[in-house]
Undergrad: 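Here it is, the structure, as structure tokens.
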Amino acid sequence: MAYETIIVEVEDHVATIKLNRPDAMNALNSQLLRELASALAEADGNDRVRCIILTGSAKAFAAGADIKEMSEKTFVEMFLSDFFGPESLAITKTRKPIIAAVAGYALGGGCELAMMCDFIIAADTAKFGQPEINLGVLAGIGGTQRLTRFVGKSKSMDMHLTGRFMDAEEAERSGLVSRVVPAKSLMEEATAAAEKIAEKSMLTTMAVKEAVNRAYETTMSEGILFERRLFHAMFATEDQKEGMAAFLEKRATQFRDK
Ligand code: HXC
């Protein structure tokens with residue numbers, strides 16, 4: 001499908017989706033989020049794709065929701081269209097792993113979008129923030145909930161109430177990002193991680209994603225039971241037999257997603 005606000009490339013088993021509104025610091029408008037949701041659904045349905053990378057430019061992953069698009073909207077319009085609700089829900093429904101490769105600004109909806117991905121690799125130039133308070137609004141696609149779970153209440157309150165930005169080092173220290181890499185090697189590192197994931201059985205990568213995400217949705221005992229049942233279920237797959245046989249025979253695995 002042809003997109004105007006994103007660029008999609010599939011190489012080997014990795015789909016890279018690049019947010020592409022350079023004149024607006026990749027601000028998220030309705031078209032971009034619709035296109036992104038559609039590209040993710042396409043990648044999910046493409047048997048060749050085994051991992052997805054979501055990235056922006058060197059300057060900005062995304063500087064938030066598009067303020068020009070929103071500024072004149074009324075409550076009734078926002079409510080009736082459930083502004084960005086369906087699009088963000090669609091993004092979080094992606095079953096294949098998504099790595100956010102973030103350089104430059106990830107602000108407001110941009111930070112929220114990065115947090116919807118499965119993990120974040122940050123360039124040392126990355127800056128995260130929830131500055132919506134400066135506009136007389138607050139986060140609207142999960143920021144108050146997700147950031148709080150990632151970094152804890154105190155830092156989340158600080159970020160949302162002051163609107164200050166967090167650099168990559170602070171983001172790593174506080175658990176928002178999984179690793180920080182030099183800006184020039186961001187895509188190389190993200191691609192290497194995606195290729196590593198692509199080598200696994202898709203059955204297990206999807207199961208891992210479901211199980212880890214459960215940690216945010218349910219109680220500890222329910223989450224542990226869910227994990228244990230998924231673990232048991234893996235014994236119904238050929239890939240479990242293959243993975244364990246390959247270990248015992250000291251050879252490389254040949255997973256077949258079966
Ligand atoms: C629309 C934006 C934009 C945004 C930047 N631009 N952010 N346009 N929406 N969120 C545009 C600018 O208007 C400008 O366009 C161009 O991008 C370059 O930006 P500058 O401000 O000139 O660049 P710079 O001085 O380097 O500052 C970069 C910046 C700043 C720090 C990222 O642009 C900024 O503070 N942006 C807004 C960040 C923000 O408040 N985000 C939260 C949005 S609300 P022109 O045409 O003038 O060249 C949100 C709610 C989410 O995200 C919930 C949704 C449901």
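Atoms within a ligand are numbered from 1 in the order they appear, just like the ligands themselves.
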Undergrad: Are the side chains of Ile52 and Thr94 in contact, using a 4.5 Å heavy-atom criterion?
TA: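 Touching, per the 4.5 Å side-chain cut-off.
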Undergrad: Could you tell me whether Phe235 and Phe231 have their ring centroids closer than 6.0 angstrom?
TA: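 Yes, close enough.
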Undergrad: For ligand 1, which part of Leu28 has a heavy atom less than 4.0 Å away: the side chain, the backbone, both, or neither?
TA: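 Neither part.
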Undergrad: For atom 41 (N) of ligand 1, state which one of Gly108, Ala63, Gly104 supplies the nearest heavy atom.
TA: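 Looking at heavy atoms only, Ala63 sits closest to atom 41 (N) of ligand 1.
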Undergrad: Which atoms of ligand 1 have any heavy atom of Glu132 under 4.0 Å away?
TA: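 So the atoms of ligand 1 that pass are 44 (S), 49 (C), 50 (C), 51 (C), 52 (O).
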Undergrad: Where is the nearest protein heavy atom to atom 53 (C) of ligand 1: which residue, which atom, and how far?
TA: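 Nearest neighbour among protein heavy atoms for atom 53 (C) of ligand 1, to 0.1 Å: Gly140 N, 3.4 Å.
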Undergrad: Does some non-hydrogen atom of the protein lie less than 4.0 angstrom from atom 22 (O) of ligand 1?
TA: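 It does not; no protein heavy atom is within 4.0 Å.
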Undergrad: Below 4.0 Å, non-hydrogen atoms only: which portion of Ala27 touches ligand 1? Side chain, backbone, both or neither.
TA: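 Side chain only.
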Undergrad: Could you check whether atom NZ of Lys241 has more than 12 heavy atoms from other residues, nucleotides or ligands sitting under 6.0 Å from it?
TA: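 Yes, because the 6.0 Å sphere around NZ of Lys241 holds more than 12 heavy atoms from other groups.
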Undergrad: Examine Leu33 and Ile67 and state if one hydrophobic cluster contains both, with Ile, Leu, Val, Met, Phe, Trp and Tyr joined whenever side-chain heavy atoms are less than 4.5 Å apart.
TA: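 Both belong to a single hydrophobic cluster.
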Undergrad: As a check for students: among Val137, Leu33, Ile67, identify the option with a heavy atom nearest to atom 1 (C) of ligand 1.
TA: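 Minimum heavy-atom distance to atom 1 (C) of ligand 1 goes to Ile67.
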Undergrad: Within a strict 4.5 Å, meaning less than it, do heavy atoms of the Cys51 and His13 side chains meet?
TA: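 In short, these two side chains do not touch, never coming nearer than 4.5 Å.
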Undergrad: Can you find a protein heavy atom closer to atom 39 (C) of ligand 1 than 4.0 Å?
TA: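 It does; a protein heavy atom is within 4.0 Å.
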Undergrad: Within the structure provided, determine whether Met115 and Arg149 are in side-chain contact (heavy-atom separation under 4.5 Å).
TA: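 Sidechains of Arg149 and Met115: no contact.
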Undergrad: With heavy-atom distances below 4.0 Å as the criterion, list the atoms of ligand 1 near Gly109.
TA: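 That gives atoms 49 (C), 51 (C), 52 (O) of ligand 1.
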Undergrad: Which heavy atom of Glu35 sits nearest a heavy atom of Glu4, and at what distance?
TA: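 Minimum heavy-atom contact is OE1-N, 3.0 Å.
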Undergrad: Quick one, Arg21 and Leu32 - any side-chain contact, counting heavy atoms below 4.5 Å?
TA: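 Heavy-atom side-chain distance check passes, below 4.5 Å.
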Undergrad: Numbering the atoms of ligand 1 from 1, which are under 4.0 Å from a heavy atom of Leu135?
TA: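 It comes down to these atoms of ligand 1: 40 (O), 43 (C), 44 (S).
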Undergrad: Pick whichever of Met25, Arg21, Met70 has a heavy atom sitting closest to atom 26 (O) of ligand 1.
TA: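 It is Met25 whose heavy atom sits nearest to atom 26 (O) of ligand 1.
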Undergrad: With heavy-atom distances below 4.0 Å as the criterion, list the atoms of ligand 1 near Leu107.
TA: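 Taking each heavy atom of Leu107 in turn, ligand 1 has 32 (C), 38 (C) under 4.0 Å.
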Undergrad: Among all protein heavy atoms, pick out the one at the shortest distance from atom 2 (C) of ligand 1; state its residue, atom name and that distance to 0.1 Å.
TA: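 That would be Ala24 O, 3.8 Å.
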Undergrad: Less than 4.0 Å from atom 47 (O) of ligand 1, is there any heavy atom belonging to the protein?
TA: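 Given the 4.0 Å limit, the answer for atom 47 (O) of ligand 1 is no, no protein heavy atom qualifies.
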Undergrad: Applying a heavy-atom cut-off of 4.0 Å, say which part of Lys59 lies close to ligand 1: side chain, backbone, both or neither.
TA: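 Under 4.0 Å from ligand 1, Lys59 contributes no heavy atoms.
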Undergrad: Run the numbers for me: atoms of ligand 1, each under 4.0 Å from some heavy atom of Lys68, listed by number.
TA: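 Taking each heavy atom of Lys68 in turn, ligand 1 has 46 (O) under 4.0 Å.
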Undergrad: Can you list the atoms of ligand 1 that are under 4.0 Å from a heavy atom of Asp23?
TA: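 Numbered from 1, ligand 1 contributes 15 (O), 16 (C), 17 (O).
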Undergrad: Within the protein, is there a heavy atom lying under 4.0 Å from atom 33 (O) of ligand 1?
TA: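 It does not: no protein heavy atom is found less than 4.0 Å away from atom 33 (O) of ligand 1.
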Undergrad: Is the number of heavy atoms from other residues, nucleotides or ligands within 6.0 Å of CE (Met157) greater than 12?
TA: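 Result for CE/Met157: open.
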Undergrad: Side-chain contact test, heavy atoms from C-beta onward, threshold under 4.5 Å: evaluate it for Gln130 versus Glu112 and give yes or no.
TA: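 Yes. Closest side-chain heavy atoms under 4.5 Å.
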Undergrad: Is any heavy atom of the protein nearer than 4.0 Å to atom 30 (C) of ligand 1?
TA: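 So atom 30 (C) of ligand 1 lacks protein heavy-atom neighbours under 4.0 Å.
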Undergrad: Decide yes or no for Leu36 and Ile91: does some side-chain heavy atom of the first lie under 4.5 Å from some side-chain heavy atom of the second?
TA: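 Of all side-chain heavy-atom pairs linking Ile91 with Leu36, at least one is under 4.5 Å.
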Undergrad: Is there a protein heavy atom less than 4.0 Å away from atom 50 (C) of ligand 1?
TA: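 For atom 50 (C) of ligand 1 the answer is yes, since some protein heavy atom falls inside 4.0 Å.
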Undergrad: Is the shortest distance from a Lys or Arg side-chain nitrogen in Lys258 or Glu242 to a carboxylate oxygen in the other one below 4.0 Å?
TA: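 Salt bridge absent between Lys258 and Glu242.
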Undergrad: For the pair Thr92 (side chain) and Ser88 (backbone), establish whether a donor and an acceptor sit closer than 3.5 Å, ignoring hydrogens and angles.
TA: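 Looks like yes, one N/O pair under 3.5 Å.
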Undergrad: Does atom 44 (S) of ligand 1 have a protein heavy-atom neighbour under 4.0 Å away?
TA: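 It does; a protein heavy atom is within 4.0 Å.
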Undergrad: Of the listed options (Tyr105, Phe84, Phe165), which comes nearest to atom 55 (C) of ligand 1 when hydrogens are ignored and any heavy atom counts?
TA: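 Result: the heavy atom closest to atom 55 (C) of ligand 1 is in Phe84.
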Undergrad: Is the shortest distance from a heavy atom of Glu112 to ligand 1 less than 4.0 Å?
TA: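 In this structure, Glu112 qualifies as a contact of ligand 1 - some heavy atom is under 4.0 Å.
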